[in-house]
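What follows is a short report on a single structure.
In what follows, every chain begins at residue 1, and chains take the letters A, B, ... in the order their sequences are listed.
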Amino acid sequence: MDTLAVWAQDFIGVFNQGGAVLLSLMGGILPTLVVLLTAVNALIRLIGPEKIESLGVKAAQPGIQWYPVRYMVLPFLAVFFFTNPMAYTVGRFLPERQKPAFYDAAVSFVHPILGIFPHANPGELFVWAGISSGIAALGFDLGPLAIRYLLVGLVVIFIRGIVTEFITKVMMARKGNA
Amino acid sequence: MDAINKLLVTIGRSVGGVVGTLYQAGRDAVETTIRNVIPFMAFISFIIGLILATGIGDKIANAISGSASSLGGLLLVSVVCAIPVLSPLLGPGAVIAQIVGTLLGVEIGKGTIPAQYALPALFAINPQVGCDFIPVGLALGEAEPETVEVGVPAVLFSRLVTGPLAVVIAYFASFGLYNN
């Protein structure tokens, strides 16, 4: 009987523990998230996402100075304004040979942006929030980690854009010869 | 009189427009939260509860913290996640990345994994991001079928290089973070 009681205690203990975690999440990040989502949604509606499209046309130009625009600025703005998954539609302004690289850059940015702008991909918030909750539990500020995640993310998508554009070029050339 | 009327109508319209936009924004925010965020919070809470209450956490900690608290271990994780056959399987909904992230977060909170590894870990668990979604993502960008044919392997192979590279960059970028 005692064993059974202990077992029952342990069983409900799992859910009590889980409930406490849920409450801390709902009371902690959720209210901020809702207000932030509202503000950014309103901002996006007032600015109008179609302004980004003209930048997409410009970013398609050849020349080394357009690489950072194409694989850093454009993915950032696309993910910020169109959010996941509609951000990838911005790729339609680029020529075919740059589309895989743009997709690679844009999709790689839907998580690094979460630390500061969670509206861009709230359904996958825990890629960021999972690890950052550990930092919060230690009593550290999340700001430094969030900003470094964003900045390193920008560097990484830039590199991904260049590497993927190069691989795409090689593969397309090989296909053309075959 | 006409001029005043016109002015009032203009003011009324623009105020109404702004209020309407804000209201709609709030509605969207709440809807996203209820449909996407809270269900995942419930799921994650259950997993964390299970880890903390059962002590499974200690076993996971032993397994994970070994690989997650050194650069080599994190690189290994990122290479495995970036293998072209595995990456599309690990991608969907970023569920794997979110669960592993949560596990690592628990261990960081307990002090098993040093806090300064948070940044490289964020990249190590995620080189597969979007690998399941390449054809759809390219289709959203109105790519030709030929581009999709080349684009899918191009992105997958690129990740093998850029996945571990991202971890290295993040590792060096994390110097001076949460040292004390």
Side-chain angles (χ1 to χ4, degrees), chain A residues 10 13-15 17-19 21-22 25-26 30 33-34 37-38 41-42 45-46 85-86 88-92 96 99-100 102-104 107-108 110-111 122-128 130-135 137-138 140 144-145 148-149 151-152 155-156 159-160 163-164 167-168 171-172 175, chain B residues 21-22 25-26 28-30 32-33 36-37 40-42 44-46 48-50 52-54 94 97-98 101-102 104-109 115 118-119 121-123 126 129-130 133-134 137-138 140-144 147 150-151 153-155 157-158 161-162 165-166 169-170 173-174 177-178:
Chain A
D10 286 350
V14 171
F15 303 106
Q17 184 75 259
V21 173
L22 183 60
L25 286 175
M26 300 268 250
L30 200 65
L33 185 66
V34 172
L37 282 176
T38 306
N41 281 344
R45 277 163 195 276
L46 291 174
M86 292 317 285
Y88 316 128
T89 59
V90 176
R92 69 182 184 278
E96 292 295 317
K99 281 178 182 174
F102 175 77
Y103 169 76
D104 198 4
V107 81
S108 296
V110 299
H111 298 129
E124 298 174 3
L125 185 65
F126 276 86
V127 175
W128 155 255
I131 287 188
S132 69
S133 67
I135 298 295
L138 290 174
F140 290 121
L145 183 61
R148 283 187 202 213
Y149 192 26
L151 293 177
V152 174
V155 173
V156 168
I159 295 172
R160 278 201 180 147
V163 172
T164 306
I167 296 178
T168 309
M171 288 179 75
M172 278 181 163
K175 232 179 158 210
Chain B
T21 306
L22 282 170
D28 286 351
V30 171
T32 316
T33 313
N36 298 321
V37 181
F40 216 91
M41 281 186 173
I44 290 286
S45 300
F46 169 60
I48 296 182
L50 201 66
L52 293 178
T54 56
Q98 296 188 81
T102 305
L104 290 177
V106 172
E107 297 309 323
I108 290 172
L119 188 62
L122 280 165
F123 286 93
N126 212 16
V129 53
F133 203 67
I134 306 170
L138 287 173
L140 284 172
E142 292 170 15
E144 305 288 336
T147 311
V150 172
V155 173
F157 283 124
S158 162
V161 182
T162 58
L165 189 62
I169 296 171
S174 70
L177 190 63
Y178 306 129

Against chain B, work out which of A:Val90, A:Leu46, A:Asn41, A:Val163 has the most heavy-atom pairs shorter than 4.5 Å and name it. A:Asn41
Which pair of heavy atoms, one from B:Gln98 and one from A:Phe126, lies closest together, and at what distance? OE1-N, 3.1 Å
Under 4.5 Å, counting heavy-atom pairs only, tell me which of A:Gly13, A:Ala137, A:Ser108, A:Gly19 racks up the most with chain B. A:Ser108
Are B:Ile108 and A:Ile135 close enough, and set up right, to give a side-chain contact (heavy atoms from CB on, under 4.5 Å), and what steps lead you there? CA-CA 7 Å; B:Ile108 290 172; A:Ile135 298 295; 3.8 Å; yes
Per-residue tally against chain B (heavy atom, under 4.5 Å) across A:Val155, A:Asp10, A:Asp104 peaks at A:Asp104
For B:Ala25 and A:Ala42, work out which heavy atoms get closest and say how close. CB-N, 3.4 Å
Largest heavy-atom contact set with chain A, pairs under 4.5 Å, which of B:Leu22, B:Val161, B:Thr102: B:Thr102
Any chance CZ of A:Phe15 has more than 12 other-residue heavy atoms, nucleotides or ligands included, within less than 6.0 Å? yes
From the list B:Ala143, B:Ala115, B:Pro153, the residue making the most non-hydrogen contacts under 4.5 Å with chain A is B:Ala143
Is the backbone N or O of B:Thr147 less than 3.5 Å from a side-chain atom of A:Lys99, with the two atoms forming a donor-acceptor pair by type? no
Using atom types as modelled and distance alone, determine if a side-chain donor or acceptor of B:Glu144 lies under 3.5 Å from a backbone N or O of A:Glu96. no
Max heavy-atom pairs within cutoff under 4.5 Å with chain A, candidates B:Thr32, B:Leu122, B:Val106, goes to B:Leu122
On a heavy-atom basis, which atom in B:Gly130 and which in A:Val107 lie closest, and how many Å separate them? CA-CG2, 3.5 Å
To check you understand the geometry: which heavy-atom pair defines the closest contact between B:Ser158 and A:Thr164, and what is its length? OG-OG1, 2.8 Å
With a 4.5 angstrom heavy-atom cut-off, which part of A:Tyr149 approaches chain B: side chain, backbone, both or neither? both
Evaluation steps, side-chain contact (heavy atoms from CB on, under 4.5 Å), between B:Asp28 and A:Arg45: CA-CA 11 Å; B:Asp28 286 351; A:Arg45 277 163 195 276; 2.4 Å; yes
Where is the tightest heavy-atom contact between A:Val156 and B:Phe123, given as atom of each residue plus distance? CG2-CE2, 4.1 Å
Does the pair B:Leu165 and A:Arg160 meet the rule for a side-chain contact (heavy atoms from CB on, under 4.5 Å), with working shown? CA-CA 10 Å; B:Leu165 189 62; A:Arg160 278 201 180 147; over 6 Å; no
If you take all heavy atoms of A:Ile131 and B:Ala118, which pair is closest and at what distance? CG2-CB, 3.8 Å
Does A:Ile159 reach the side chain of B:Ile169, with side-chain heavy atoms less than 4.5 Å apart? yes
Any idea which of A:Leu125, A:Val110, A:Leu25, A:Leu145 has the most non-hydrogen atom pairs under 4.5 angstrom with chain B? A:Leu145
Between the main-chain N or O of A:Arg92 and the side-chain N or O of B:Glu142, is there a donor-acceptor pair closer than 3.5 Å? no
State, with a plain yes or no, whether a side-chain heavy atom of B:Val30 is found less than 4.5 Å away from one of A:Val34. yes
Can you tell me which of A:Ser133, A:Ser132, A:Pro122 forms the most heavy-atom pairs within a distance under 4.5 Å of chain B? A:Pro122
Counting heavy-atom pairs under 4.5 Å with chain A, which one of B:Gly137, B:Ala97, B:Ala166 comes out on top? B:Gly137
Measure the spacing between CH2 of A:Trp128 and CG of B:Asn126 and express it to the nearest 0.5 Å. 13.5 Å
